[in-house]
Structures are given as structure tokens and as C-alpha cells.
Amino acid sequence: MTSSSLSIYNTLTRQTEVFKPIHAPFVGMYVCGPTVYSNAHLGNARTFVSFDIIYRYLTHLGYKVRYVRNITDAGHLEGDQDEGDDKFAKKARLEQVDPMEIVQRYTLDFHKVLQQFNTLPPSIEPTATGHIIEQIEMTKKILANGYAYESNGSVYFDVEKFAKEYSYTILSNRNLEELLNNTRELSGQDEKRGRLDFALWIKAKPEHLMQWPSPWGMGFPGWHIECSAMSSKYLGEEFDIHGGGMDLVPTHHTNEIAQNIACHHKSPARVWIHTNMLTVNGQKMSKSLGNSFLPHELFSGNHKLLDKGYSPMTVRFFMLQAHYRSTLDFSNEALQAAEKGFTRLMNAMRLIPDLKVSAKSSVNCAELGKNMYDAMNDDFNTPVALAHLFEAVRIINSLNDGKESITVADKEELSKLMNEMVYGVLGLAEEKAANTDKIDGLMQMIFEVRSTAKANKDFKTSDHIRDELKRIGFEIKDGKDGTSYTIIN
RNA sequence: GGUAUCGUGGCCGAGUGGCUAGGCAGAGCUCUGCAAAAGCUCCUACAGCAGUUCGAAUCUGCUCGAUACCUCCA
């Protein structure tokens with residue numbers, strides 16, 4: 001089916017490279033998951049939808065993928081000064097609950113949101129608090145290897161020492177000297193030797209809610225060490241793909257690579273994949289800017305920037321219309337366009353089983369398939385794949401109108417291709433209302449009444465039925481083979 | 001201030017030296033009791049300026065503008 005092979009843009013090399021797993025057919029993929037101290041917003045969702053497509057496509061190509069996505073539930077500091085509170089403790093104090101209640105609440109919310117977007121669960125979803133021992137062990141190793149130092153009960157990574165032997169900025173493509181010169185002054189504390197040094201282990205104050213014993217006293221892990229520890233544990237010291245949002249490149253992923261090299265003398269991942277941001281009116285959607293959308297606000301339309309609600313699948317389709325490495329701008333107009341496009345696609349999908357076959361085919365299924373796979377092979381180019389999907393939509397509609405013809409074999413191929421691409425790879429799904437069968441029966445009865453009226457030229461009654469149904473939310477179409485309906489929002 | 005990335009038709013958004021992206025919106029036609037849907041046709045753009053080239057939206061330079069990172073962030 002495919003003539004090309006999968007290529008992926010690698011942040012590490014800033015090039016698109018042919019993908020070759022280290023141990024085919026197995027693929028190890030680590031994606032940085034959320035910090036569960038507040039509701040997942042739409043920007044977060046975009047990242048995980050993007051990686052869902054990547055996971056689905058790799059699986060579709062026959063790879064046995066181990067997809068690891070962590071939950072950060074400890075140690076994520078408020079500031080990068082390695083002082084102050086961790087996010088869970090802060091939120092917990094605000095809400096008068098135990099930090100693990102915060103973790104539980106927002107982990108459940110995160111899972112619910114991703115389920116609504118029809119993403120597949122990862123193979124392993126490890127938590128930071130569940131891997132304190134691994135993080136301590138890794139910190140010990142980095143200390144033993146000489147790339148970290150203890151200071152007053154905390155352990156810091158020595159960036160300048162590391163940078164003498166390895167490239168600290170290989171991923172971010174930054175100039176180290178400039179980073180050193182531009183980093184803001186440390187705010188009055190001098191536990192750290194270097195300005196870029198970051199914490200592997202942080203000494204806890206007595207009142208701190210989340211703390212664990214360690215060789216350096218009671219404390220909690222730094223933010224970056226968890227991903228190093230957990231990826232090493234579940235995927236090995238060297239694995240195929242590491243991903244996350246683009247905003248993680250300069251700090252989190254940069255430090256992760258440094259930690260892994262300092263510990264194992266190996267860079268963790270061959271390919272680094274980074275997804276771009278969702279923007280609102282051209283500005284990055286983020287919690288700190290206060291312009292973020294919560295998924296349920298989008299679904300219900302209960303948000304000051306929205307005219308109406310949009311279903312999860314509409315939003316997923318909307319996200320697929322842009323490449324994962326481009327920013328995607330959010331607006332009512334764009335969402336409405338996506339809604340109509342998605343409906344058109346799904347309407348065509350519904351027509352496939354009943355398409356009439358003939359002895360000859362005017363449809364070139366092989367070419368359609370090749371085009372779609374070529375697009376996906378080109379760094380998961382979903383917008384181009386969708387463009388070819390819409391070519392198929394046009395063909396399906398023409399077949400339905402009897403303007404094109406298709407053989408039994410070609411129809412089977414077309415059906416398989418469309419189902420695999422739309423449902424399997426792109427992860428779109430039909431959004432069925434409850435009690436569809438009952439509604440179907442009810443509608444058939446109404447249509448009988450209406451066609452009797454039509455046969456009697458009683459168009460007043462037939463149009464009244466149609467108008468009323470539309471008002472309620474059913475749009476009906478009179479086709480050659482009877483009347484059909486779609487539920488509109 | 002430093003470092004990147006980007007600037008595509010009414011909107012969203014692919015493409016990256018010559019060949020129609022696609023979706024939505026708009027116009028016309030066909031079908032139809034009227035609609036709706038669908039099909040066909042039309043709308044053919046690449047921030048500005050200069051350069052390279054037979055040829056540039058695509059390469060180079062400059063200008064302008066936007067965004068991101070350098071501080072938590074997917």
C-alpha cells in the first residue's frame with residue numbers, strides 16, 4: 001500500500017529523518033504528561049491528541065509500541081529558582097485538602113478529557129510519587145559520576161561542568177554563553193553554584209506536606225529527574241521517541257538529556273518530537289495568561305469567546321486540520337468550518353456500505369490510498385491526509401449519485417481504507433445520540449406520514465413536518481431512495 | 001535586550017524552485033413540488049523591497065509585523 005517510508009522531524013537534528021526503530025518491530029515512545037494540579041485545558045489536549053495520532057499510526061504500520069506517558073504529581077516547583085512551594089502543596093493549602101486529593105481529582109479530569117477526545121490510553125502511565133526510589137537512585141548515580149553536588153540538603157545538577165564535556169544546548173540550539181549571561185540573577189540564595197544549575201533533589205521544610213527520606217535528608221525530587229528515571233526504567237537507557245510540547249524544549253527536555261547522559265553516558269531518545277502551541281487570537285493559550293479554554297466550556301459553548309458549543313470530535317477534527325508542528329489558532333469561525341467539514345466527512349462514511357457496485361470501476365483506490373499514506377509518512381501530515389480524504393468524500397458522493405462506478409473489490413478496498421484512516425489512524429468517531437434505534441423507528445413513522453401527505457400534494461403538511469423537525473434538531477433530505485435525516489446541533 | 005520561528009486568497013490551513021492542496025464562506029448551474037444534501041463550474045493568494053535564476057510564495061539579503069523561549073506552562 002505504501003511506497004514511501006515514515007519520516008519524522010527530529011528536534012535534535014532539526015531535520016526530517018527516516019524513522020528506524022532501534023529494535024524493530026518494537027518502538028519505545030515517552031511523552032511528557034501533565035502536571036495534575038489543575039484542570040487540563042485545550043492546549044494540553046492538543047498535545048496529547050497529536051501524540052495519539054502518532055501512536056495510532058505507528059501501531060497501524062505494524063509496530064509494537066510501548067507508549068509511556070507520565071503523570072507529574074510531585075515536586076514541580078512554582079518557580080525555577082528551586083525555592084518556594086511545589087504546585088500540589090500550594091493548591092492543597094488553598095483548598096484545605098491533602099495534596100494527593102488534588103492529584104486524584106485532576107488525574108481523573110485529565111483522563112476524562114482525553115477519553116472525550118477519543119485518545120487511546122498509554123501502555124504505561126507512571127507517576128512521579130510512585131518512583132521516588134528510582135529518582136533517588138538516579139540522583140545518587142549522577143552525584144557519583146561527578147555532575148551534581150549537594151548543598152544544604154539539596155542536590156543540584158552542575159550544568160557548567162556537564163557542558164565542558166557534552167553539549168548542554170544540543171536540543172534547544174541555544175548559545176550557552178548567552179544563556180549564562182542572560183539568565184536572571186539568583187534571588188538572594190546561593191545554594192546553587194551556577195546560574196543554570198537545577199535541582200535533582202530539594203530539601204523540604206518541616207511543614208512541607210509531600211516529603212520523602214533520602215540520603216540528603218527529607219525532601220522531594222526536582223521536576224526534571226522523574227522523566228529521566230521513569231523513561232530509563234520502562235524504555236531503557238536508549239529508546240526511539242521522546243515527545244512533548246514545544247515549551248518543554250529549552251528547560252525540561254534539555255535538563256532531561258543532561259541527566260540521562262550524566263547518569264548513563266547515553267542520550268535517552270533518538271528522535272525528539274515536539275508539538276506546537278494552541279493560540280487564541282494569535283496568543284499562546286496558557287494558564288498563566290488566563291486565556292485558556294477548558295474542554296467542557298468548549299463542548300457546552302459556555303465561554304465568553306464562543307457563540308456555541310462544539311463536540312469533542314469536531315474539535316479533534318479541527319486539530320487535525322493543522323500540522324502538529326504549526327501553531328493552531330482558535331476562533332469561532334474556524335470551529336464552525338471544522339464542524340461542517342467533519343459532518344460532511346462522516347456523512348460520506350455512512351454512505352459507503354450501501355454504495356451500488358458495477359462491473360467496472362471509475363475509481364482509483366490504490367492512488368487514493370497511496371496519497372493518504374504518503375501524507376502520513378511525511379511527518380504525520382494530517383492536513384494533507386485530510387485533503388485526500390475529502391477527495392474520497394467527493395468520489396463517494398458521486399458514486400452515491402450514480403455519477404461514478406465501482407467494482408465489488410474496489411468498494412471493499414475503499415471501505416477498508418476509509419475505515420482505517422478515519423477511525424483507526426485519525427481516531428475520529430461517529431457521535432451517536434443515545435437510543436439511535438428508537439429514534440430511527442420514530443423517524444421512519446414520521447416519514448411515512450409525510451410521504452403520504454406529499455403523495456396527496458399536501459405540501460403544507462409535509463413542509464410543516466420538515467420545518468418542525470428542523471426546529472427540534474433533525475435535518476431531513478429527500479433522496480431517490482426515500483428520506484433520510486441527520487441530527488444537527 | 002538576546003535567541004528562534006513565522007507572515008499564504010473573506011476565514012482556517014497545507015505546500016517550499018516550474019504542475020489545482022483541502023475545509024469553510026461567497027457566486028452560478030444541475031437535480032428537486034419547494035427545500036436540504038450532493039455534483040459541476042467560478043473566486044487562483046503567498047507582508048514589503050531588492051537580489052540569485054530561463055523561472056520564486058518557495059533560495060539570499062534587508063525592512064516591517066507577529067509570536068515563542070530566555071521565568072511555571074503541553
Side-chain angles (χ1 to χ4, degrees), chain A residues 31-35 37-38 40-51 76-81 84 87 169 172-175 177-179 181-184 187 196 223 243-252 274-279 282-289 292 317-318 321-323 325-345 347-348 351 371 375 378 381-391 393-398 400-404 454 457 459 462-463 466-467 470 475-480 483-486 488:
Chain A
V31 174
C32 287
T35 303
Y37 69 100
S38 64
H41 71 248
L42 223 53
N44 305 112
R46 186 195 182 193
T47 294
F48 301 116
V49 166
S50 297
F51 282 105
H76 198 157
L77 292 170
E78 279 293 309
D80 200 40
Q81 310 300 326
K87 293 190 176 203
T169 52
S172 64
N173 199 26
R174 286 269 162 72
N175 182 317
E177 293 302 312
E178 276 164 1
L179 276 182
N181 293 333
N182 286 334
T183 304
R184 288 172 197 181
S187 53
L196 293 175
W223 174 34
M246 255 179 200
D247 46 357
L248 299 180
V249 170
T251 308
H252 183 56
H274 290 100
T275 58
N276 215 320
M277 302 291 108
L278 198 62
T279 59
Q283 258 204 327
K284 174 182 171 181
M285 180 183 289
S286 76
K287 287 169 191 169
S288 48
L289 285 170
S292 59
F317 177 88
F318 170 70
Q321 280 188 303
H323 186 86
R325 282 193 290 113
S326 299
T327 55
L328 174 60
D329 198 58
F330 224 63
S331 68
N332 266 303
E333 262 188 315
L335 247 9
Q336 265 159 30
E339 186 173 64
K340 293 199 174 170
F342 176 63
T343 303
R344 186 151 167 253
L345 176 65
N347 285 344
L351 291 176
N371 288 340
D378 181 17
N381 198 331
T382 53
V384 170
L386 272 176
H388 295 300
L389 238 18
F390 274 99
E391 170 64 10
V393 166
R394 190 192 58 74
I395 289 168
I396 290 165
N397 284 327
S398 292
N400 189 239
D401 287 353
K403 286 171 185 161
E404 300 227 31
K454 277 173 70 176
K457 304 266 184 217
F459 295 122
S462 68
D463 288 356
R466 185 175 63 201
D467 294 344
K470 182 154 190 179
E475 189 164 79
I476 68 173
K477 297 165 212 168
D478 295 326
K480 282 176 197 159
T483 305
S484 62
Y485 73 96
T486 48
I488 53 179

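Labels below follow one simple rule: chain letters A, B, ... track the order of the sequence lines, proteins then strands, and each chain is numbered from 1.
When the nucleotides B:rC24, B:rA37, B:rC12 are ranked by their closest atom to the side chain of A:R344, B:rC24 comes out on top. For A:H41, whose side chain is taken as the heavy atoms from C-beta onward, the closest listed nucleotide among B:rC72, B:rA74, B:rC12 is B:rA74. Distance from the side chain of A:Q321 is smallest for B:rG22 among the nucleotides B:rG22, B:rG39, B:rA37. The side chain of A:D463 lies closest to B:rC34, out of B:rC34, B:rC73, B:rC12. Among the nucleotides B:rG33, B:rC24, B:rA14, the one closest to any side-chain atom of A:H323 is B:rA14. The nucleotide whose nearest atom lies closest to any side-chain atom of A:P383 is, among B:rG39, B:rA37, B:rA14, B:rA14. The nucleotide whose nearest atom lies closest to any side-chain atom of A:E333 is, among B:rC70, B:rC11, B:rA74, B:rC11.
The phosphate of B:rA36 has neither OP1 nor OP2 within less than 4.0 Å of any side-chain N or O from A:K470. Look at A:N173 and you won't find any side-chain N or O under 4.0 angstrom from OP1 or OP2 of B:rU3. Between B:rA14 and A:N381, no contact under 4.0 Å exists linking OP1 or OP2 to a side-chain N or O. For A:N44 and B:rA74, the shortest distance from a side-chain N or O to OP1 or OP2 is below 4.0 Å. OP1 or OP2 of B:rC69 sits under 4.0 Å from a side-chain N or O of A:K284. Close to B:rC6, at under 4.0 Å from its OP1 or OP2, lies no side-chain N or O of A:R325. OP1 or OP2 of B:rA14 lies within a sub-4.0 Å distance of a side-chain N or O belonging to A:S326.
Look at B:rG51: its Watson-Crick or wobble partner, with both distances under 3.5 angstrom, is B:rC59. B:rG33 is unpaired under the criterion used here, namely a Watson-Crick or G-U wobble arrangement in which both key atom distances are under 3.5 Å. Searching all strands for a Watson-Crick or G-U wobble partner of B:rG1 with both distances below 3.5 Å returns B:rC70.
Going from the C1' atom of B:rU16 to that of B:rA45 covers 15 Å, rounded to whole Å. B:rA4 sits 34 Å from B:rU20 when the C1' atoms are compared, rounded to a whole Å.
Toward the 5' end of RNA chain B, the nearer of the two residues A:E391 and A:L328, judged by each one's closest nucleotide, is A:L328. In this structure, A:S172 and A:G245 both approach RNA chain B, and ranking their closest nucleotides by distance from the 5' end singles out A:S172.
A centroid separation of 6.0 Å or more is found between the aromatic rings of A:F318 and A:F342.
A:D463 and A:R466 are joined by a salt bridge, as a carboxylate oxygen and a charged side-chain nitrogen come within less than 4.0 angstrom of each other.
Between the side chain of A:R174 and the base of B:rC70, no donor-acceptor pair of N or O atoms lies under 3.5 Å.
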